Amino acid sequence: MAALVQSYMDALDKHLQEKNKVTEILQLAEEKTGVKKLYIAAGGIVLTGLWLVFGYGAQLLCNLIGFVYPAYASVKAIESSQSDDDTKWLMYWVVFACFNCVEFFSDILLNWFPLYWLVKCIFLIWCFLPISANGTNFIYTKFVRPFFLKHQGAIDNTLNKVGNIAGKVAEKAAEQALHHE
């Protein structure tokens, strides 16, 4: 167990050597407090985990983690000249949407599970981790893509039918609105 914790601490320390806004803030905190930024970051992770288990607003915190950073990274991807990052974040949002649809129907049961928000948050972080074996790549390639490719024709036909019906309903509603004036 100690070796596993040490391996995670080593991986975290490696990521904390990268130059970005978070590491700059952690470096400043280290200089002000004398506490290593590794311990500050690990403490923040532990506190976040505890809040997700016991704290008020765990649902909000979990959803912010799963939404705010990916939304920011998506905007950056859109504004970049590369297309690989666009695909990465489009895949994340497809998996996120599928997860939310499944969660909608199971939410009433899962909310009673004490570690639900922590597990959901870990799942969402796994989905957007900047590694090739992240959750998005796994779920999209193993489940979403095969399902889509198998049922694409039926889905398109259904969407066309629904679109036609919606168009007729909208026309009829506009026609009735004009006659009632």
Side-chain angles (χ1 to χ4, degrees), residues 4 7-26 37 41-42 44-53 55 57-111 113-160 162-163:
L4 182 63
S7 71
Y8 286 128
M9 292 295 279
D10 291 343
L12 178 60
D13 192 36
K14 182 181 174 187
H15 286 292
L16 293 176
Q17 301 310 315
E18 298 172 3
K19 294 289 182 199
N20 58 48
K21 202 65 167 166
V22 172
T23 57
E24 289 174 16
I25 293 168
L26 289 171
K37 63 183 172 185
I45 291 169
V46 168
L47 285 174
T48 302
L50 288 171
W51 187 1
L52 287 167
V53 174
Q59 180 180 8
L60 175 63
L61 177 61
C62 178
N63 289 333
L64 285 174
I65 290 169
F67 182 79
V68 172
Y69 173 74
Y72 171 74
S74 296
V75 171
K76 281 183 66 173
I78 291 167
E79 296 302 321
S80 76
S81 59
Q82 302 169 350
S83 64
D84 290 351
D85 53 359
D86 296 0
T87 302
K88 171 189 171 182
W89 289 108
L90 279 171
M91 286 171 50
Y92 173 82
W93 291 113
V94 167
V95 169
F96 184 86
C98 290
F99 176 76
N100 278 331
C101 289
V102 170
E103 184 187 36
F104 175 79
F105 294 105
S106 60
D107 197 34
I108 195 157
L109 300 173
L110 293 176
N111 276 334
F113 179 61
L115 302 175
Y116 176 68
W117 298 113
L118 176 63
V119 171
K120 178 182 175 182
C121 191
I122 290 169
F123 169 77
L124 291 174
I125 291 170
W126 175 56
C127 284
F128 68 70
L129 278 176
I131 59 173
S132 61
N134 69 21
T136 294
N137 290 338
F138 177 77
I139 293 167
Y140 186 84
T141 58
K142 296 285 184 191
F143 301 104
V144 175
R145 186 171 189 271
F147 179 85
F148 174 76
L149 293 176
K150 183 177 179 182
H151 301 286
Q152 181 180 4
I155 293 169
D156 286 343
N157 288 337
T158 303
L159 288 175
N160 285 336
V162 169

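Computed from a predicted model, the values in this text were never measured in an experiment. We use all heavy atoms of the structure for the numbers below, so side chains are in, but hydrogens, waters and symmetry mates are not.
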What are the two closest heavy atoms between [X] and [Y], and how far apart are they?
X	Y	value
Cys101	Phe105	O-CD1, 3.2 Å
Asn137	Ile131	ND2-O, 4.1 Å
Ile65	Thr48	CD1-CG2, 4.1 Å
Cys62	Cys121	SG-N, 3.5 Å

Quiz: residues 151-158 side-chain donor-acceptor pairs under 3.5 angstrom, not counting sequence neighbours:
unit_1: Asn157; atom_1: ND2; unit_2: Gly153; atom_2: O; d: 3.4
unit_1: Thr158; atom_1: OG1; unit_2: Ala154; atom_2: O; d: 2.9

Leu159 atom CG: more than 12 heavy-atom contacts under 6.0 Å: yes
Crowded around Trp126 CH2? As in, over 12 foreign heavy atoms under 6.0 Å?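 For Trp126, atom CH2 is crowded (more than 12 foreign heavy atoms under 6.0 Å).
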How many angstroms lie between [atom1] in [X] and [atom2] in [Y], if you round to the nearest 0.5 Å?
X	Y	atom1	atom2	answer
Lys76	Gln82	NZ	CD	11.0 Å
Leu52	Leu47	CG	CG	11.0 Å
Cys98	Phe148	SG	CZ	11.0 Å
Trp117	Leu60	CH2	CG	10.0 Å
Leu118	Leu61	CG	CG	10.5 Å
Ser106	Tyr116	OG	OH	6.0 Å

Please tabulate, for side-chain N and O atoms in residues 86-97, each donor-acceptor pair with protein atoms closer than 3.5 Å (sequence neighbours left out).
unit_1: Thr87; atom_1: OG1; unit_2: Ser83; atom_2: O; d: 3.3
unit_1: Tyr92; atom_1: OH; unit_2: Gly66; atom_2: O; d: 2.6
unit_1: Trp93; atom_1: NE1; unit_2: Ser74; atom_2: OG; d: 2.7

Mark yes or no for whether Thr136, through its side chain, and Cys127, through its backbone, hold a donor-acceptor pair below 3.5 Å. yes
Quick check: does any side chain N or O of Asn63 sit under 3.5 Å from a backbone N or O of Gln59, one acting as donor and the other as acceptor? yes
